[in-house]
Amino acid sequence: MIGRPALRLLPPERQEEERVAFGRLLRGERLEAIETTRLHQDGEPRWVRLSLSAIKNPAGEVVGLAKIARDITARKLAELTLREAKKQLGLRALELEIKVRERTAKLQETVGELEAFSYSLSHDMRAPLRAIQSFAEIVLADHGEQIGLTGAGRLKRVISAAQRMERLIEDVLAYSRVSRRTVVSDPIDVEKLIEEIIAEWPEFQPPKAEIVIQRPLLPVVGHAVSLSQCLTNLLDNAVKFVAPGVTPRVRVRTEPIGEQVRLWVEDNGIGIEPAARRRLFAMFQRVHSEREYAGTGIGLVIIRKAAERMGGEVGVESEPGKGSRFWLQLPKVLP
Amino acid sequence: MTSHHQLQILVAEDDENDVLLLERAFKEAAIANPVRFVRDGQEAITYLEAVCRSVERGEPRAPGLLLLDLKMPRRTGMDVLRWLHEQPILRCLPVIVFSSSANQSDVERAYLLGANAFVTKPSSVEQRAALARFIKGFWLEFNQPPIVSVEGFDAAQKVHAAQEFAMPVL
């Protein structure tokens with residue numbers, strides 16, 4: 001290269017560049033970190049980073065030019081690749097957004113259908129059920145003697161089957177309400193809420209049950225209606241699943257776990273087999289027959305769904321014969 | 001407490017079973033008031049319109065209580081409430097809405113449209129009888145009915161005109 005004009009290193013489309021640069025340098029400007037392209041001595045174009053400055057004699061006259069060129073081709077290529085990747089990413093994001101929008105529309109349609117379904121469930125399916133139960137009761141009351149004991153017994157089965165169906169519809173609707181309703185979370189005084197629930201239901205009071213609150217209960221952040229539903233269902237289970245003749249004894253306590261509060265509902269009930277524990281929180285799953293313990297198998301599903309919607313969790317620890325300890329974990333109140 | 005034996009009850013209900021069951025409950029609660037059944041919202045409106053025009057000479061008085069089912073063919077219970085709400089005089093009628101379920105938005109809308117009570121239809125004979133006894137005790141005895149239900153449409157119109165009850169802006 002030595003002894004050849006430096007202009008040879010300029011790509012044809014950049015022939016003017018250096019002249020312009022010289023002009024600026026002569027006017028006293030410093031040109032630093034200029035990124036441009038130059039030709040390598042093998043003739044291949046390269047990205048370079050140029051710094052140019054004028055060399056002056058003690059009198060301040062420009063006597064020469066110093067130029068440092070650093071090959072930044074590798075970095076430039078990486079940058080180009082990155083830019084391309086970013087562009088692709090942007091396209092993907094757009095595609096994704098369109099897809100999300102389509103799915104949301106579809107989902108909204110499904111939600112609408114679901115709402116229509118539960119509305120019809122609560123109206124159209126209840127009407128015949130109401131008639132079945134009521135007319136069976138009327139036949140029993142008006143013609144009970146004529147149909148005899150066997151007939152009356154069968155009619156009673158009709159009535160209790162209709163009542164069970166009614167409870168199922170109730171619970172399915174409660175579940176769909178939990179899934180759909182807007183959940184706004186606020187700090188909740190759990191102790192007060194539990195006291196209110198106990199005061200409301202005679203089943204949770206002596207002599208039917210003894211519920212001990214281990215004070216103070218830590219407050220949580222949640223949706224009051226959903227939490228109240230969870231606690232009522234948990235207490236309901238706690239006092240229901242006891243051996244015949246046993247007075248239900250339930251202890252409610254809270255403990256802090258990281259950023260959350262775990263609320264325990266511990267009972268002296270019959271406990272749960274390990275195999276049954278796994279399907280406990282699934283829809284319509286029942287561990288006991290209707291004859292042993294009445295229920296629809298939806299109560300715990302409602303709790304699970306409500307907990308999820310409040311950003312919490314549920315779980316259980318239990319051994320057969322040693323009672324069950326259900327827990328509900330929700331975000332704690334931050335100071 | 002005044003007993004309003006003469007007050008007529010209008011029941012708008014399309015479900016035949018519910019009609020039969022309600023009749024039985026009324027009998028069990030010893031409700032002796034005349035009861036008129038209409039089978040949908042349109043029939044209810046037609047009947048009440050006739051009361052306004054005093055066409056049905058035999059019954060110039062409006063019902064003292066309307067038991068209104070929500071889900072009915074042709075015109076729904078909500079339609080009836082909406083219509084009633086626009087009637088200058090009949091909007092005084094006490095209305096108990098009967099529904100198979102207490103859908104929260106139905107409850108709010110019914111009250112906004114002037115319903116006086118919202119009841120979920122009982123499933124058992126026993127609960128239905130209890131409800132009928134309550135209706136008798138409260139709505140047919142303790143509650144004071146509007147003039148249109150006691151003295152009729154013309155009388156109510158005169159009182160309203162004299163006192164210049166303004167039609168509230170909807």
Side-chain angles (χ1 to χ4, degrees), chain A residues 111-112 114-144 152 155-184 223-226 229 296, chain B residues 11-30 37 39-41 67-81 97-110 115 118-133:
Chain A
V111 168
L114 215 75
E115 258 165 56
F117 170 75
S118 57
Y119 194 83
S120 126
L121 190 74
S122 55
H123 283 91
D124 300 347
M125 288 176 78
R126 266 184 177 160
L129 209 53
R130 196 161 56 231
I132 292 169
Q133 183 183 335
S134 299
F135 283 109
E137 285 173 346
I138 289 171
V139 173
L140 201 61
D142 293 5
H143 313 283
L155 262 187
K156 279 179 189 159
R157 282 181 184 274
V158 172
I159 295 166
S160 67
Q163 285 169 337
R164 183 163 158 63
M165 183 78 186
E166 172 80 29
R167 279 201 305 277
L168 271 167
I169 291 181
E170 250 334 304
D171 283 358
V172 169
L173 285 176
Y175 176 76
S176 85
R177 272 196 298 273
V178 169
S179 318
R180 285 181 296 125
R181 76 171 152 228
T182 327
V183 169
V184 184
H223 177 241
V225 176
S226 299
Q229 201 168 10
T296 58
Chain B
V11 181
E13 173 62 76
D14 65 309
D15 190 312
E16 237 178 276
N17 290 324
D18 283 337
V19 169
L20 287 169
L21 294 170
L22 202 62
E23 276 183 314
R24 185 184 167 101
F26 278 5
K27 217 163 92 188
E28 277 178 356
F37 288 91
R39 283 182 311 187
D40 60 49
L67 305 189
L68 183 63
D69 182 31
L70 272 193
K71 208 162 180 267
M72 288 188 290
R74 297 209 288 170
R75 305 282 285 273
T76 65
M78 277 313 168
D79 292 336
V80 176
L81 282 177
V97 169
F98 271 63
S99 179
S100 281
S101 86
N103 177 293
Q104 199 53 55
S105 70
D106 280 351
V107 175
E108 292 307 303
R109 195 164 301 140
F118 194 110
V119 174
T120 307
K121 289 180 186 173
S123 326
S124 75
V125 169
E126 197 188 318
Q127 289 171 328
R128 199 174 296 107
L131 177 63
R133 283 193 295 275

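The sequence lines fix the lettering, A, B, ..., with proteins before strands; numbering per chain opens at 1. This is a predicted model, so every value here is computed, not measured.
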Novice: Taking atom CD of B:Gln127 and atom CD of A:Gln133, what is their separation to the nearest 0.5 Å?
Specialist: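 Taking CD in B:Gln127 and CD in A:Gln133, the distance rounds to 7.5 Å.
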Novice: Return the minimal non-hydrogen interatomic distance between A:Ala127 and B:Asp15, and the atom names on each side.
Specialist: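 Shortest heavy-atom separation between A:Ala127 and B:Asp15 comes out as CB-OD2, 3.6 Å.
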Novice: Quick one: pull up CD1 in A:Ile169 and OG in B:Ser101 and give me the separation to the nearest 0.5 Å.
Specialist: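 So the CD1 of A:Ile169 and the OG of B:Ser101 are separated by 10.0 Å.
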Novice: Please confirm whether the backbone N or O of B:Ser123 pairs with a side-chain atom of A:Arg130, one donor and one acceptor, at under 3.5 Å?
Specialist: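 Pair absent, no side-chain N/O of A:Arg130 close to backbone of B:Ser123.
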Novice: In terms of heavy-atom contacts, does CD of B:Glu16 have more than 12 from other residues, nucleotides or ligands at under 6.0 Å?
Specialist: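 Atom CD in B:Glu16 is not crowded, with 12 or fewer foreign heavy atoms closer than 6.0 Å.
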Novice: Between atom CG of A:Leu129 and atom CG of B:Asn17, what is the distance when rounded to the nearest 0.5 Å?
Specialist: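 Reported to 0.5 Å precision, the distance equals 12.0 Å.
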Novice: Would you mind checking if B:Arg24 and A:Asp142 are paired as a salt bridge, meaning a charged N to carboxylate O distance below 4.0 Å?
Specialist: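 Yes, this pair counts.
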Novice: What's the separation between atom CZ in A:Arg126 and atom OG1 in B:Thr120, rounded to the nearest 0.5 Å?
Specialist: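 Rounded to the nearest 0.5 Å, the CZ-OG1 separation comes to 7.5 Å.
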Novice: How far does NZ of B:Lys121 sit from OG of A:Ser134, to the nearest 0.5 angstrom?
Specialist: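 B:Lys121 NZ to A:Ser134 OG: 11.0 Å, rounded to 0.5 Å.
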Novice: Does any part of the side chain of B:Val125, heavy atoms only, come nearer than 4.5 Å to the side chain of A:Phe135, both counted from C-beta?
Specialist: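 The answer is no; the side chains never approach within 4.5 Å.
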